[in-house]
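Working notes for the structure below.
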Amino acid sequence: MIPNAYRSLHCNAIRAEHIGQNVTLAGWVNSARDHGGVIFVDLRDREGLTQVVFRPEENADVAAKSHDLREEDVIQVTGRVEQRLTGTENTKLDTGAVEVVVTTFSILNKADVLPFQLDRELSNEDMRMKYRYLDLRRERMNKNIRQRHKITNAARNYLDAEGFIEVETPILSNPTPEGARDFLVPARLSPSKFFALPQAPQQYKQLLMVAGLERYFQIARCFRDEDLRADRQPEFTQIDIEASFIQQNDIISLVEGLLASMFKAGQGIDIPLPFPRMTYQEAMDRFGSDKPDTRFGNEIVDMADVFAKSEFKIFRTTLENGGVVRAINAKGFAGITTGQMIRLNEIAIQAGMKVKQLAFIKVERNEAGVLEYKSPLWKFFGEEEKAALIAKLGVEENDIVFFYAGTWDEACNILGRVRLEIAEMQETTKGSTALNFLWVVDFPLLAYSPEDQSWVAVHHPFTRPKAEDVPLLDAGEYGKVRAEAYDVVLNGYELGGGSIRIHESDLQSKMFSVLGVTPEEQQIKFRHILEAFKFGAPPHGGLALGLDRIAMLVAGEESIREVIAFPKNNKACDLMTDSPTTVDFKQLRELYVQSTWKEKKKEEVTASGTQA
RNA sequence: GGAGCGGUAGUUCAGUCGGUUAGAACGCCAGCCUGUCACGUUGGAGGUCGCGGGUUCGAGCCCCGUCCGCUCCGCCA
């Protein structure tokens with residue numbers, strides 16, 4: 001760091017070679033150890049700690065004044081670097097061989113007692129959020145924020161080196177008909193009209209391809225007005241990428257290199273490339289999820305061949321009616337508690353299980369030393385079935401097998417969820433440093449939404465159908481059409497996703513029609529895209545990475561709030577600034593906006609019965 | 001919209017079966033202490049047990065309601 005008016009060195013810079021020199025440091029009092037005579041202060045700045053010593057024999061006035069120092073006071077000290085007395089070196093500090101004997105110092109700003117101690121973890125999240133600036137002063141948070149900068153910087157450098165150009169796209173843009181709920185902004189100069197904050201720069205980046213930019217990226221803030229989670233905030237950051245004259249493999253290689261550069265910058269590790277790839281179908285079949293956590297096994301196994309001719313009627317008829325019978329062997333989990341079993345069944349029901357309990361087989365050795373298969377259904381199986389089942393699932397002592405019979409969708413959902421919960425219960429990934437990257441490819445283009453009674457885009461409406469599946473699209477077999485879409489997954493988290501896009505106006509228009517957007521609506525909402533594609537749009541595609549999630553995983557954190565300087569809480573509020581807030585009537589009047597919200601009054605609720 | 005967990009000193013937590021004056025650690029304040037580094041040591045202050053109601057002779061503990069925080073489901077193209 002360049003010396004400046006307040007300091008000649010930072011607090012992690014002084015070494016043995018500085019002994020004898022005069023230095024000036026500035027920072028916070030990390031701790032003050034007052035021995036009545038001599039006083040030690042660990043002076044902290046963002047780079048580290050230096051021990052400074054106040055000695056009465058050096059300067060009695062200065063030493064006397066130092067008795068008043070309290071933690072987190074901001075001070076500036078000038079003194080002489082000395083070697084520490086033999087035996088008092090501190091090997092825990094980079095600067096632990098030396099100390100600064102203070103000749104003069106000044107208190108730049110006295111600190112009140114903090115609402116919490118910075119050297120201890122605190123669990124009270126509202127307190128952390130209310131005093132976020134203090135929370136961020138703690139070493140762990142400080143490290144997270146700086147690490148995030150490093151990986152963002154690495155991403156910029158990598159993309160720049162690959163010829164990508166960073167372009168800012170509008171924050172004030174149009175509402176999107178599909179997808180998440182929009183944040184709306186009233187447009188004062190166009191009364192009764194609204195902007196929306198972008199959920200993603202999707203259309204703009206495609207139009208930049210039509211503009212001939214060829215390679216675009218943006219560290220883009222995106223906004224979605226949906227409920228929050230540990231890995232979801234209403235505003236979040238994407239590394240948004242789009243390129244022309246590229247195909248899926250090009251994007252995949254590019255993004256693998258990009259992620260490698262980010263993990264190198266953040267963790268100093270080299271992640272092995274290329275990442276494994278898996279089709280959507282395989283991911284669902286084996287893991288019941290389109291973002292499988294492959295750090296552990298317990299995969300879903302199809303049991304159709306074992307039970308096709310089973311005496312056990314439920315399994316056989318399910319198969320005969322086109323359903324599936326699938327199982328998970330939870331290795332070593334026969335010791336499952338009653339409470340855990342109840343919990344698993346609750347999760348299965350929540351995931352759509354039609355029956356009350358998952359069928360299971362628990363394998364334990366009894367007192368006589370004989371293996372016992374404890375199960376409500378074991379007695380229904382024939383000897384051949386039992387042998388085939390044991391062989392196929394690799395069943396051993398202390399395993400417990402869970403079955404589900406029903407539709408393919410149900411089996412994926414239920415067993416996928418159960419698989420994750422079992423891993424949670426067994427603490428399978430606790431303390432793991434594994435980084436299991438993979439690509440999930442060949443996503444379906446469309447999915448039927450029973451709620452809307454229409455087909456919806458699985459990725460988004462600009463996604464290109466696979467060329468060989470276009471006949472299926474023409475034939476109206478929408479559920480069978482695969483997309484040129486891909487997701488990159490790490491340890492069960494979706495890091496990002498993208499697709500090759502439609503670049504032909506007529507195909508795009510057809511896609512909108514399939515999604516139930518009438519030609520009139522297409523002209524109103526998407527005229528700019530449909531027109532642009534007529535004026536020489538190059539083939540193009542791209543991807544967006546969730547920067548917050550990547551930063552979270554690099555930092556080993558379990559919530560993206562730990563890598564966002566000023567995040568929102570569960571209810572999308574900022575407890576520090578108390579945002580969002582009410583606004584003046586005058587401000588609303590300028591915008592021609594009036595709230596229809598009314599506070600629910602207790603009297604109305606309770607009195608409604610008696611008044612009637 | 002739904003489910004679960006939590007809310008006790010400034011902070012992190014304990015609080016047994018409902019029973020005396022609600023405890024500990026750290027922090028804070030004051031004194032002592034010239035080589036500590038989680039300094040030590042002596043003493044002290046600090047509580048609307050989230051809030052409201054109920055049961056009870058008696059509630060931090062049981063019941064009902066409510067608020068706040070977190071996690072998950074729904075939702076998130």
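Letters go in sequence order (proteins before strands), and every chain restarts at 1.
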Quick one: is G69(B) close enough that its OP1 or OP2 comes under 4.0 Å of any side-chain N or O from Asn570(A)? no
Can you give me the closest heavy-atom contact between Val81(A) and Val98(A), atom names plus distance? CG1-CB, 4.1 Å
State which of C68(B), U11(B), C76(B) makes the closest approach to the side chain of Lys571(A). C68(B)
Using a 4.0 Å heavy-atom cut-off across all strands, classify Arg70(A) as base, sugar-phosphate, or nothing. sugar-phosphate
Of the listed U71(B), G10(B), C73(B), the closest approach to the Arg561(A) side chain comes from U71(B)
Applying a 4.0 Å non-hydrogen cut-off, can you work out what Asp34(A) is touching in the nucleic acid: base, sugar-phosphate, or nothing? base
Given the C1' atoms of G43(B) and C33(B), what is the spacing between them in whole Å? 15 Å
Hey, which sits more toward the 5' end of RNA chain B by its nearest nucleotide, Pro461(A) or Arg343(A)? Arg343(A)
Can you tell me the distance, in whole Å, between the CG atom of Leu420(A) and the C1' atom of C73(B)? 14 Å
Classify the nucleic acid contact of Met127(A) as base, sugar-phosphate or nothing, counting any heavy atom under 4.0 Å across all strands shown. sugar-phosphate
Students often get this wrong, so: under 4.0 angstrom with heavy atoms, is Asn124(A) touching a base, only sugar-phosphate, or nothing? sugar-phosphate
Just checking, is any N or O donor in the side chain of Glu557(A) or Asn144(A) under 3.5 Å from an acceptor N or O on the other one? yes
Base, sugar-phosphate or nothing for Arg55(A)? Non-hydrogen atoms, less than 4.0 Å. base
Which one, U34(B), U12(B), C26(B), comes nearest to the side chain of Ser123(A)? U12(B)
Quantified in whole Å, what is the C1' atom distance between nucleotide A59(B) and nucleotide C68(B)? 23 Å
Side chain of Arg417(A), heavy atoms from C-beta onward: which of G2(B), G74(B), U36(B) has the nearest atom to it? G74(B)
How is Val458(A) classified with respect to the nucleic acid when contacts are heavy atoms under 4.0 Å: base, sugar-phosphate, or nothing? sugar-phosphate
How far does the P atom of G18(B) sit from the matching atom of C61(B), given to the nearest Å? 11 Å
Minimum-distance nucleotide (side-chain atoms of Arg84(A) versus G74(B), G69(B), U36(B)): U36(B)
Take atom C1' in G47(B) and the same atom in A9(B), then report the distance between them in whole Å. 5 Å
Here the distance between atom P of C76(B) and atom CD of Glu451(A), to the nearest Å, is 8 Å
With a 4.0 Å cut-off on N to O distance, would you call Glu58(A) and Arg80(A) a salt bridge? yes
For nucleotides U8(B) and C13(B), find the distance between their C1' atoms and express it as a whole number of Å. 9 Å
Flag the pair Glu89(A) and Arg84(A) as a salt bridge only when some basic side-chain nitrogen lies within less than 4.0 angstrom of an acidic carboxylate oxygen. no
Which one of Met511(A), Glu504(A), Gln508(A), Gln248(A) satisfies the side-chain contact (heavy atoms from CB on, under 4.5 Å) criterion with Arg464(A)? Glu504(A)
Pairing partner of G18(B), by Watson-Crick or G-U wobble and under 3.5 Å for both distances, is none
What is the separation between atom CE on Met129(A) and atom C1' on C68(B), rounded to the nearest whole Å? 15 Å
Name the closest nucleotide to the Leu122(A) side chain, picking from U11(B), U71(B), G35(B). U11(B)
When rounded to the nearest Å, what value does the distance between P atoms of G10(B) and C29(B) take? 15 Å
Is Arg33(A) close enough to C39(B) that one of its side-chain N or O atoms is under 4.0 Å from OP1 or OP2 there? yes
Pick one: which of Arg181(A), Gln202(A), Gln199(A) meets side chain to side chain donor-acceptor pair (under 3.5 Å) with Thr176(A)? Gln199(A)
Within the 4.0 Å heavy-atom criterion, would you say Asn90(A) contacts the bases, only the backbone, or no part of the nucleic acid? base
Please determine, for the side chain of Lys92(A), which listed nucleotide (A38(B), C68(B), U36(B)) has the closest atom? A38(B)
In whole Å, what separates the P atom of G58(B) from that of C72(B)? 43 Å
Rounded to the nearest Å, what distance is computed from the CZ atom of residue Arg229(A) to the P atom of nucleotide G74(B)? 7 Å
Send over the distance from Leu85(A) CG to C37(B) P, rounded to a whole Å. 14 Å
Considering every strand shown, what is the Watson-Crick or G-U wobble mate of C29(B) when both distances are under 3.5 Å? G43(B)
Whole angstroms only, please: what is the CG-P distance between Leu114(A) and U12(B)? 14 Å
Check whether the side chain of Gln117(A) and the base of G10(B) form a donor-acceptor pair under 3.5 Å. yes
Tell me which nucleotide, if any, is Watson-Crick or G-U wobble paired with U71(B) when both distances must be under 3.5 Å. A3(B)
Just compare U34(B), C76(B), C29(B) and give me whichever is closest to any side-chain atom of Arg224(A). C76(B)
Are Phe54(A) and Phe105(A), when compared by the centres of their aromatic rings, separated by less than 6.0 Å? yes
Under 6.0 Å between the ring centres of Phe443(A) and Tyr486(A)? no
Could you tell me the separation between the CD atom of Glu121(A) and the C1' atom of G27(B), rounded to a whole number of Å? 16 Å
Which part of the nucleic acid, if any, lies within reach of Gln199(A) when heavy atoms closer than 4.0 Å are counted: base, sugar-phosphate only, or nothing? nothing
Does a sphere of radius 6.0 Å around CD in Glu424(A) hold more than 12 heavy atoms from other residues, nucleotides or ligands, not counting ones at 6.0 Å or beyond? no
Please state whether the base of G35(B) and the side chain of Glu99(A) form at least one donor-acceptor pair under 3.5 Å? yes
The side chain of Phe116(A) is closest to which nucleotide in this list: G69(B), U11(B), G1(B)? U11(B)
U11(B) versus G53(B) - spacing of their P atoms, nearest Å: 25 Å
Let me spell it out: for each of Ala457(A) and Pro56(A), pick the nucleotide of RNA chain B with the closest heavy atom. Which residue's pick is nearer the 5' end? Pro56(A)
According to the Watson-Crick and G-U wobble definitions, with both distances under 3.5 Å, which nucleotide is paired to A59(B)? none
Which listed nucleotide (C37(B), A38(B), C39(B)) is nearest to the side chain of Ser31(A)? C39(B)
Just checking Ala351(A): base, sugar-phosphate only, or nothing, at a heavy-atom cut-off of under 4.0 Å? nothing
Interatomic distance where CG belongs to Leu344(A) and P belongs to C72(B) [whole Å]: 17 Å
